[in-house]
Amino acid sequence: MSRRFIIEMGSGSDLHGQDHGKAALRAVKSTLQGASLGVLGLDPGLRDALHVKVTVGVQNPDAVDRAAIAACLPVGQVEVIIVTGGLDVTPQPGGEPIVVASAAIEAFLPDNPGGYRAV
């Protein structure tokens, strides 16, 4: 059994390339900028026990490279889920659609992780 101890949300976009993967990566990086897990520095066992769940929503989930998303996460056992979501903004005449992705990053620790000590 594990318990979520942090959740952060963010968004990212690709204004000109209509690249859902780029927008997804930007959403994850934006979300990470809002998260600081100082508790992980207290005991090295926390880094190994951490389960990180990344959920990204884009209109074209097949265009997202899960490995590239996972590579952005600096610690933990990473799970990447790509779902249909986000937003493709309709362009003005003569313009390009804007691709918007949304992301949520959740961090979980086991209720009784024998690998680290409470401080």
Check the hydrophobic clustering (I, L, V, M, F, W, Y; side-chain heavy atoms under 4.5 Å; chains of links allowed) and say if Met9 and Leu87 are grouped together.
no
May I ask you to test the Phe5-Leu50 pair for a side-chain heavy-atom distance under 4.5 Å?
yes
Keeping to residues at least two apart or across chains, list the side chain to side chain donor-acceptor pair (under 3.5 Å) pairs with something in residues 58-75.
none
Would a single hydrophobic cluster contain both Ile82 and Val100, if residues Ile, Leu, Val, Met, Phe, Trp and Tyr are joined by side-chain heavy-atom contacts under 4.5 Å?
no
Do Asp88 and Thr90 have side-chain heavy atoms sitting under 4.5 Å apart?
no
Under 4.5 Å between side-chain heavy atoms, counting indirect links through other Ile/Leu/Val/Met/Phe/Trp/Tyr residues: same cluster for Ile69 and Val78 or not?
yes
Tell me the closest heavy-atom pair linking Gly76 and Val52, and the distance in Å.
CA-CG2, 4.5 Å
Do you know which two heavy atoms are closest between Ala63 and His20, and how far apart they sit?
CB-CB, 4.0 Å
What distance separates Ile7 CD1 from Lys53 NZ, expressed to the nearest 0.5 Å?
8.5 Å
Taking the side chain as every heavy atom from C-beta outward, state whether Leu32 and Leu73 have any pair of such atoms under 4.5 Å apart.
yes
Please step through side-chain contact (heavy atoms from CB on, under 4.5 Å) for the pair Ile98 and Asp14, ending with a clear verdict.
CA-CA 6 Å; Ile98 297 171; Asp14 186 27; over 6 Å; no
Val58, Leu15: one ILVMFWY side-chain cluster at the under-4.5 Å cut-off?
no
Write down the atom of Ser102, the atom of Gly86, and the distance for their closest heavy-atom approach.
OG-N, 4.2 Å
Return the set of residues passing salt bridge (charged side-chain N to carboxylate O under 4.0 Å, His left out) with Asp19 (not counting sequence neighbours), or none when no residue passes.
none
For Cys72 and Leu25, which heavy atoms make the closest approach, and how far apart are they?
SG-CD1, 3.4 Å
Heavy-atom nearest pair, Ala27 first then Ala101, reads CB-O, 3.7 Å
Over all heavy atoms of both residues, which pair between His51 and Gln77 is shortest? Give the atoms and the distance, please.
CD2-O, 3.3 Å
Do Val64 and Val28 sit in the same hydrophobic cluster, where Ile, Leu, Val, Met, Phe, Trp and Tyr count as joined when their side-chain heavy atoms come under 4.5 Å apart?
yes
Other members of the hydrophobic cluster containing Val83, with the 4.5 Å side-chain heavy-atom rule, please.
Ile81
Is the backbone N or O of Ser13 less than 3.5 Å from a side-chain atom of Arg26, with the two atoms forming a donor-acceptor pair by type?
yes
